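Bear in mind the structure is a predicted one, so any value in this text is a computation, not a measurement.
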Amino acid sequence: MLWVKESIDEIVKKLGSNEDKGLDDASILEKQKKYGANEFEEGKKETTLEKVGHHLAEITTIILLVAAAISAYLALTTGYGWAKVIVILAIVVLNIVLGIYQENSAEKALDALKNMNAHLTTVIRSGVRKPIDAKELVPGDIIELQAGDLVPADARIIESSSLQVEESALTGESLPVEKDGNLTITEDVPLGDRLNMVYSGCLVTNGRAKAIVVETGMDTEMGKIASLINNTTKLKTPLQIRLKELAKRLSLVAIVAGILIFGIGVLIHGETMIEMLMVAISLSVAAVPETLPVIVTLTLTYGVKNMVKKNTIIRRIPAVETIGNTSVICSDKTGTLTQNKMQVQKIWAANALPKSVNELFTNEENQLLELLSISNNATVELIEEKEQIIGDPTESAIIGLLQAKGITKASLEEKYPRVFELPFDSERKLMTTIHKTDNGYIAITKGAFDRIPVTFSPELLNEAKRVHDEFAEDALRVISAAYQTFDTMPTELTAEALEHDLIFLGMVGMIDPPRPESRPAVLAAKKAGIKTVMITGDHIVTASAIAKEIGILEEGDLAITGQDLDKMNQAELEAKVRDVSVYARVSPEDKIRIVQAWQANGEIVAMTGDGVNDAPALKAADVGIAMGITGTDVSKNAADMILTDDNFATIVDAVAEGRTAYENIRKTIYFLLSTNFSQIFIMLIAVILGWGVPVVAVQLLLINVVSDGIPGFWLSLEKPDADIMNRKPIRKDAGIFANGLGKKVGTQAVVFTIVTLIGFYIGQFVTVSSSIGASYEVGMTMSFVILAWSSVAHIFNVRSDKSIFKVGILSNPRLFYSALGSMLIILGLALIPSLATIFFLVPMSLTHWIISFVLAMSPLVFVEIQKNFFTKK
């Protein structure tokens, strides 16, 4: 329930407590049975065995395990060999280990959240004030809070003095909130405006309070977040979905092709069942690209390393690809788009014109700045040989401007030593200090404009209101100042005596300004087809002003509050979400709704955040991005990636790196599947024609590992095309073969099939050399060499849509030398008698070698002609 609306007397009565004595022992025992411990519940976790079971149930894993089982049977009964069994099982184990590692890292968010509640708190029970473990608190307990305390449970303030609470963990805003126990709230207001409440997990930064606990454990606002984390399922990344779909298709191809070739061989050509089982296994090896998972992982890992250099830490490897295809970035404002550092933007001295702080100041403006600076508790300290301003953000902003004008606070303090202070009070919204001067004493009062105790003339009052409203419309936070002088030190040092009939000095307007790089980054994202949305706990006026300045809120876009959002059901939000660019004063539940609304529209969503309140949405987003500097452990553990500089521009850099990784994965798929599909076609066509099997299983395994695997590893180093950030993101529902990839794979598979079968036919049926005649063994050797070499040469086809001569053969030297090495390995296997025997290869004449080389290189020539044609077209 909303305890903000109830009176203190009603709350105390409802919870059976006493303001002065608290709960008695009997009530505590009863409530502990009813409410349980003040801690968060854990969601059910899968055991490691269950996780292994899920991975073993993947269809590609099943295919590989069946192939391994049949190979093991044949190895035992026919001496077929154990090499393939070992390789297949090693690949299965590697994939399972990588998968479980990624899942385990996702379970740490709730553990960090639980740790936030582990501390002692001061409570009054049976009239005795004592410290207890926060886990023992129950609704109705009377607690005492002071500066430095972590709030142990949701509580309604009974009484307070100058209480300020930093609620960034819940609201995302770093400025402390002034609390007021006497405030009466009669309507529903956002969490950040519930000023008569304190919430679990938030930090008391100033003052003290006595409060009554109203909610504990999972019923607190922090507990609701824990529940959201428990109940929010991390979606599979688009790449994971696409690779799973690819695995299903390949598995179906393997099963159909295996059954077909087994039936043709046994029923039509009269082959033995053992022989055709070996052929069926060969087809399963051909259909499943064993090195694909490893190469994909290596490509993503290389992306991870590159992102570290660009201030991004990847916690879950698949996020590298997902960030590259992000189409919507939901970004927090404070510290990500802005500098998280208040700066004075405008100044107005009474009876003058408002001006930017970048202009030259008059004597009156200098006087206003100096008096604001000495009535100020921010200090300038030397930290690691560098001056830093320490203190309240608004006061620090004033000292920052003073230093920018070439004046030091130390010189002013020497000139106007402080002799007395009336601290800032949340009820008065004012602060007064008294300073000694050459002519006596001066009392300076600064604070909210509507509370400044000045006797205005009608003209000055109208002008001051106009300037104040002008500053407010620009989303500036306004601090006003006034003063009075005394010949001698005042004897009555009270607010009533000192804060009245003052002389008005003027006002300054300040804001947390955008980072200089935010606007270019937002525009770069827009050029890349990415929509940026601001989601903040700040007020809508401030949020809208910043959003307009950096290009997020454009003509026709909407800015709405959490209250506006509450009035929409999910279907209405999904229909309207494309029109809204700014969300202000939102709750953790609102953030999840916004993410899910974009996802329902088929978009890939990245969500930034730094507070505990952001954790559920970070987990729900396709890519959760936590802040490395200001982020809580909870947000970091719920996220997929962490920005070490808390900078929005870094996200755009990460998108470029992610797109590069995804393009290289697509190139890998193009490279591997062209060969794999051709292997199936080659086997099927040759058996149907009655020519026999062109390549055996051990040869196919060798091609997949040596010809495809070794050069394929270095595709991860390919540089991106120059226009990669000018392309639109690939939609979530797009298949792995989208944008012409399927056509490329099919075309190349056909070309490989033709040249390999030509070589098989020539070697088996055509005498091209007087020294070595035509035979099945020569045909098989030619098939193996052509297929292996053409597979290696294909690596140069897939690197770019541009000609290899424009890209440069040596622009990726590791790839070039690994391809050359693979070709030499194939040559050596065929020429060295002892190795050739193991792989069923026989000697060939020079003519056979020349024909094999020409046929193997012809797919490379074919693609170069294609590229030249499409470039001209």
Side-chain angles (χ1 to χ4, degrees), residues 2-4 8 11 38 113 116-123 134 137 141-185 189-216 219-225 332 334-335 340 342 377 391-396 423-429 431 447-448 477 512 536-539 562 585-588 610-614 630-632 634-635:
L2 282 175
W3 297 96
V4 291
I8 292 295
I11 292 172
N38 178 33
L113 190 59
M116 294 188 69
N117 254 19
H119 59 277
L120 295 177
T121 190
T122 302
V123 65
L137 284 177
D141 264 325
I142 305 298
I143 58 173
E144 291 184 352
L145 301 168
Q146 59 185 1
D149 286 349
L150 202 62
V151 180
D154 291 1
R156 175 68 182 273
I157 302 167
I158 297 173
E159 58 185 51
S160 62
S161 174
S162 302
L163 182 66
Q164 293 186 337
V165 181
E166 200 260 283
E167 296 184 327
S168 62
L170 279 176
T171 65
E173 293 309 306
S174 56
L175 289 177
V177 179
E178 296 166 20
K179 296 291 184 176
D180 186 354
N182 298 320
L183 192 67
T184 302
I185 299 174
V189 293
L191 200 63
D193 295 329
R194 297 174 192 173
L195 304 182
N196 58 7
M197 292 280 298
V198 288
Y199 292 101
S200 173
C202 298
L203 180 68
V204 178
T205 58
N206 189 58
R208 59 177 180 80
K210 185 164 89 170
I212 181 169
V213 173
V214 293
E215 302 286 4
T216 59
D219 294 323
T220 63
E221 293 298 325
M222 203 70 77
K224 292 174 185 175
I225 292 173
D332 188 24
T334 307
N340 197 20
M342 298 294 283
N377 289 327
D392 176 83
T394 56
E395 293 197 328
S396 297
F424 180 86
D425 184 273
S426 57
E427 291 183 12
R428 291 165 36 242
K429 294 191 181 297
M431 172 185 179
R477 185 172 186 173
D512 178 14
T536 178
D538 208 345
H539 291 281
R585 280 309 206 217
V586 293
S587 69
D610 56 7
V612 177
N613 63 316
D614 297 313
T630 60
T632 61
V634 180
S635 63

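- By the 4.5 Å heavy-atom criterion applied to side chains, T536 and D332 are counted as neighbours.
- Note that CG of D392 and CG of N377 are 9.0 Å apart. Values are rounded to the nearest 0.5 Å.
- Residues L191 and Y199 are in side-chain contact: their nearest non-hydrogen atoms beyond the backbone lie under 4.5 Å apart.
- A side-chain contact (heavy atoms from CB on, under 4.5 Å) with P152 is found for one member of V213, L120, T216, L145 and no other, namely L145.
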**OP:** Mind running side-chain contact (heavy atoms from CB on, under 4.5 Å) on L183 and M197 for me, showing each step along the way?
**Re:** CA-CA 10 Å; L183 192 67; M197 292 280 298; over 6 Å; no
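- With D149 contributing its side chain and T121 its backbone, the two residues share no donor-acceptor pair below 3.5 Å.
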Subject >> Criterion side-chain contact (heavy atoms from CB on, under 4.5 Å) on I157 and V198, from CA distance to verdict >> reply: CA-CA 7 Å; I157 302 167; V198 288; 4.1 Å; yes
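- The nearest pair of heavy atoms linking N38 to A153 is ND2-CB, 4.2 Å.
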Subject >> Full working for side-chain contact (heavy atoms from CB on, under 4.5 Å) between M431 and E395 >> reply: CA-CA 12 Å; M431 172 185 179; E395 293 197 328; 3.7 Å; yes
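- Heavy-atom minimum distance, G201 versus L150: O-CD1, 3.6 Å.
- Minimum interatomic distance between M342 and P393 (heavy atoms only, all atoms of both residues): CB-O, 3.6 Å.
- No donor-acceptor distance shorter than 3.5 angstrom exists from the side chain of D538 to the backbone of T334, with no hydrogens or angles considered.
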Original post:
Would V123 and L137 satisfy side-chain contact (heavy atoms from CB on, under 4.5 Å), going step by step from the backbone distance to the final call?
Top reply: CA-CA 8 Å; V123 65; L137 284 177; 4.2 Å; yes
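- In terms of the salt bridge (Lys or Arg N to Asp or Glu O under 4.0 Å) criterion, E159 has no residue partners (sequence neighbours excluded).
- Heavy atoms only, all atoms of each residue included: L195 and E178 are closest at CD2-O, 3.7 Å.
- Of the possible polar contacts, one joining the R428 side chain to the P423 backbone as a donor-acceptor pair under 3.5 Å is found.
- Once rounded to the nearest 0.5 Å, the distance linking CD1 of I158 with CD of E144 reads 10.0 Å.
- The backbone N or O of W3 sits less than 3.5 Å from a side-chain atom of R156, completing a donor-acceptor pair.
- The main-chain N or O of Q164 is found under 3.5 Å from a side-chain atom of T205 such that the two form a donor-acceptor pair.
- The heavy-atom pair separating S200 from M222 by the smallest distance is O-CE, 2.9 Å.
- For D154 (side chain) and T220 (main-chain N/O), no donor-acceptor pair under 3.5 Å exists by modelled atom type.
- Contact between I143 and A155 at its shortest, heavy atoms only, is CD1-CB, 4.1 Å.
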